[in-house]
Protein chains: 2
Amino acid sequence: MKRTKNLPEKQQKLVEKLLDEACKKMIVLFGSCTAIFDGRIKSFLPKGDRMLFVKKDETLILHGSKGLKPLNWQLSGAGKINYLIEDEKLVVRTYRPKTKETLEILFDEIYQATIYDAHDSASLSIYGSESDLSDYLFSHPEIIDKNFQPTAREFETPFGFLDLRGVDKSGNPIIVEVKKRGATPADAHQLKRYVEYFEEVEKIKVQGILVAQSFSSKVMNVLRANNLEALEVPWQEIFPSLANEKPKVTMDDYIKDD
Amino acid sequence: MKRTKNLPEKQQKLVEKLLDEACKKMIVLFGSCTAIFDGRIKSFLPKGDRMLFVKKDETLILHGSKGLKPLNWQLSGAGKINYLIEDEKLVVRTYRPKTKETLEILFDEIYQATIYDAHDSASLSIYGSESDLSDYLFSHPEIIDKNFQPTAREFETPFGFLDLRGVDKSGNPIIVEVKKRGATPADAHQLKRYVEYFEEVEKIKVQGILVAQSFSSKVMNVLRANNLEALEVPWQEIFPSLANEKPKVTMDDYIKDD
DNA sequence: GTATGCATCTCGGGA
DNA sequence: TCCCGAGGTGCATAC
């Protein structure tokens with residue numbers, strides 16, 4: 001990429017443009033910069049080539065050349081983003097009062113600045129969440145146990161919501177905590193605290209079952225130590241993945257040309 | 001923004017360029033697209049103006065006009081990103097074998113394509129993490145209690161690591177769980193598990209203290225019910241925030257001109 | 001490689 | 001508004 005010298009007058013013009021377009025359009029700046037964040041944590045980012053992305057809601061995202069997570073960012077809801085020239089260099093400065101967080105990005109050089117006029121009213125639709133899995137288990141209780149009869153979903157306790165409640169064939173109460181991913185020790189603890197709620201507060205002895213994709217030995221230890229059950233449910237078989245086969249749903253099913 | 005017609009020959013040239021530069025440079029495409037993700041979850045994104053950002057490590061990020069989080073993405077480590085022309089439209093398709101996840105982005109129109117040659121060897125340095133706070137409390141135990149004497153940091157139990165262990169002036173054992181953020185019910189239960197471990201397995205009665213930024217009434221209820229202590233530690237006073245005052249550390253302290 | 005827990009977690013839903 | 005838990009959590013670190 002050609003690196004044009006950033007002449008002062010050119011920079012001044014850019015700043016005016018940026019201030020003018022802020023909150024109306026997406027702004028992408030590409031250049032060499034350093035950054036300092038101060039708030040919930042402090043961080044310093046030495047000089048390097050980055051992409052700064054400012055959205056219409058003034059979310060500010062500074063990306064490096066690797067990984068999904070940005071190097072630095074500022075959430076929307078911060079005050080106005082300041083674009084200034086200091087020492088002939090572009091400085092982008094934001095302050096988020098709610099969390100008292102400042103982000104300061106100093107551009108040594110700007111290689112390219114682009115202002116996009118984006119229109120997007122669409123929103124992402126999702127299928128296959130943990131709550132979908134709970135729903136499915138509620139209506140297909142035999143997956144949990146052939147004698148399991150669910151009685152409630154999203155049952156509230158003072159310790160939080162539990163996913164499924166039911167009984168076995170003898171009427172003994174069962175509670176189920178559902179995780180789509182692999183179980184963590186925290187998940188086992190979560191289930192334990194629901195069981196404790198019933199035993200200590202409601203004076204009911206319940207069987208706790210943790211449903212998850214997989215169980216590590218440490219998690220199994222916690223479960224066994226607390227007399228809780230583990231049930232491996234491969235949700236991929238419940239929500240058949242299209243990944244391995246020819247997609248059954250293609251974009252053509254959705255796309256409408258104007 | 002001027003919306004140039006995407007002529008087939010032009011698109012073909014873009015595809016060649018994209019394939020050529022993949023993994024060598026950052027790619028930014030701006031246009032109108034739909035997207036389908038299939039893997040850990042299924043999602044469909046209707047048509048709208050988006051920014052597609054492909055990093056050198058083949059991380060792929062599709063951003064909408066709001067919020068920090070991308071609408072769709074693919075982590076690095078996926079197979080080669082496919083850029084194809086289908087029905088005279090650019091299709092970006094990736095498959096990540098590890099998690100069997102596909103992402104397909106179909107561009108209805110491309111407004112701008114940019115290829116950046118980024119050089120960034122610098123890495124972010126961070127100060128003020130939870131572990132920094134634990135370290136600080138270990139060396140300044142009077143913050144927890146004037147009679148607290150720490151004996152261990154990162155002490156392992158079968159239920160997980162606890163942050164601090166120590167004794168009071170009478171030699172009674174104390175364990176401390178440290179959170180930098182506000183305490184959650186799960187935090188209180190985690191501490192309870194640790195206390196139970198000592199009482200049930202090691203047959204030692206210990207006092208549990210939860211250190212956090214703030215405590216909700218629900219969390220306080222759980223703590224009180226289990227005879228656990230809450231200690232509000234304003235870490236902002238420990239790692240003085242520069243947010244409210246004139247920054248003491250400015251970029252000038254770091255920046256070295258080549 | 002897997003497992004574990006932090007994160008400037010972000011985000012959405014519910015009270 | 002705050003509180004709470006899910007997340008395609010991502011990510012580093014410990015094993």
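A quick note: this is a predicted structure, and the numbers were derived from the prediction, not measured.
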Trace of the side-chain contact (heavy atoms from CB on, under 4.5 Å) decision for A/Leu228 with A/Val195: CA-CA 9 Å; A/Leu228 303 169; A/Val195 170; 3.7 Å; yes
Those residues that, when tested against A/Ser214, pass side-chain contact (heavy atoms from CB on, under 4.5 Å) (two or more places apart): none
B/Gln213 CD to C/dC6 C1', straight-line distance once rounded to whole Å: 16 Å
Span that lies between the C1' atom of D/dG7 and that of D/dC11, in whole angstrom: 14 Å
Separation of C/dG5 C1' from B/Arg193 CZ (nearest whole Å): 17 Å
Phosphate OP1/OP2 of D/dC3 contacted by B/Arg181 side-chain N/O (<4.0 Å): no
Sugar-phosphate, base or nothing in reach of A/Gln74, heavy atoms under 4.0 Å: nothing
Full working for side-chain contact (heavy atoms from CB on, under 4.5 Å) between B/Arg153 and B/Leu164: CA-CA 5 Å; B/Arg153 216 168 109 32; B/Leu164 287 174; 3.7 Å; yes
Between A/Asn72 and A/Ser43: side-chain donor-acceptor atoms closer than 3.5 Å: yes
Full working for side-chain contact (heavy atoms from CB on, under 4.5 Å) between B/Leu106 and B/Cys33: CA-CA 5 Å; B/Leu106 194 149; B/Cys33 67; 5.9 Å; no
Integer angstrom distance from the C1' of C/dC11 to that of C/dA7: 14 Å
Whole-Å gap separating C1' (C/dG5) and CD (B/Gln190): 9 Å
C/dC9 phosphate, OP1 or OP2, under 4.0 Å from A/Arg40 side-chain N/O: yes
Over-ring placement of B/Arg165 relative to B/Phe155, 6.0 Å and 45° cut-offs: yes
Separation between the P atoms of C/dC6 and D/dA6, rounded to whole Å: 16 Å
Between the protein and nucleotides 1-4 of chain C, which nitrogen or oxygen pairs are less than 3.5 angstrom apart?
| residue | atom | partner | partner atom | Å |
| --- | --- | --- | --- | --- |
| C/dT4 | OP2 | A/Ser216 | OG | 2.6 |

Ring geometry between B/Phe53 and A/His63 (parallel below 30°, tilted from 30 to 60°, perpendicular above 60°): perpendicular
Test: B/Glu196 and B/Arg193 ion pair at under 4.0 Å: yes
Closest non-hydrogen atom pair, A/Val222 against A/Ala188: CG1-CB, 3.7 Å
Nearest-Å distance for atom pair CG/P, residues A/Leu103 and C/dC9: 15 Å
Sugar-phosphate, base or nothing in reach of B/Ser131, heavy atoms under 4.0 Å: nothing
Restricting both atoms to N or O, compile the protein contacts to nucleotides 11-13 of chain D shorter than 3.5 Å, with distance only.
| residue | atom | partner | partner atom | Å |
| --- | --- | --- | --- | --- |
| D/dC11 | OP1 | A/Leu68 | N | 2.9 |
| D/dC11 | OP1 | A/Lys69 | N | 2.9 |

Euclidean distance, atom CG of residue A/Asn72 to atom C1' of C/dT10 [Å, nearest integer]: 16 Å
Under 4.0 angstrom between A/Trp73 side-chain N/O and C/dT10 OP1 or OP2: yes
Length of the CD-P vector between A/Glu154 and C/dG13, whole Å: 13 Å
Length of the CD1-C1' vector between B/Ile61 and D/dG10, whole Å: 11 Å
A/Trp235 versus B/Arg40, closest heavy-atom pair with distance: CH2-O, 3.0 Å
Gap in Å between the two C1' atoms, one belonging to D/dT9 and one to D/dG5, rounded: 12 Å
Nearest-angstrom distance from the residue atom CG of B/Asp57 to P of D/dG10: 14 Å
Touch class at under 4.0 angstrom, heavy-atom based, for B/Ser43 against every strand present: nothing
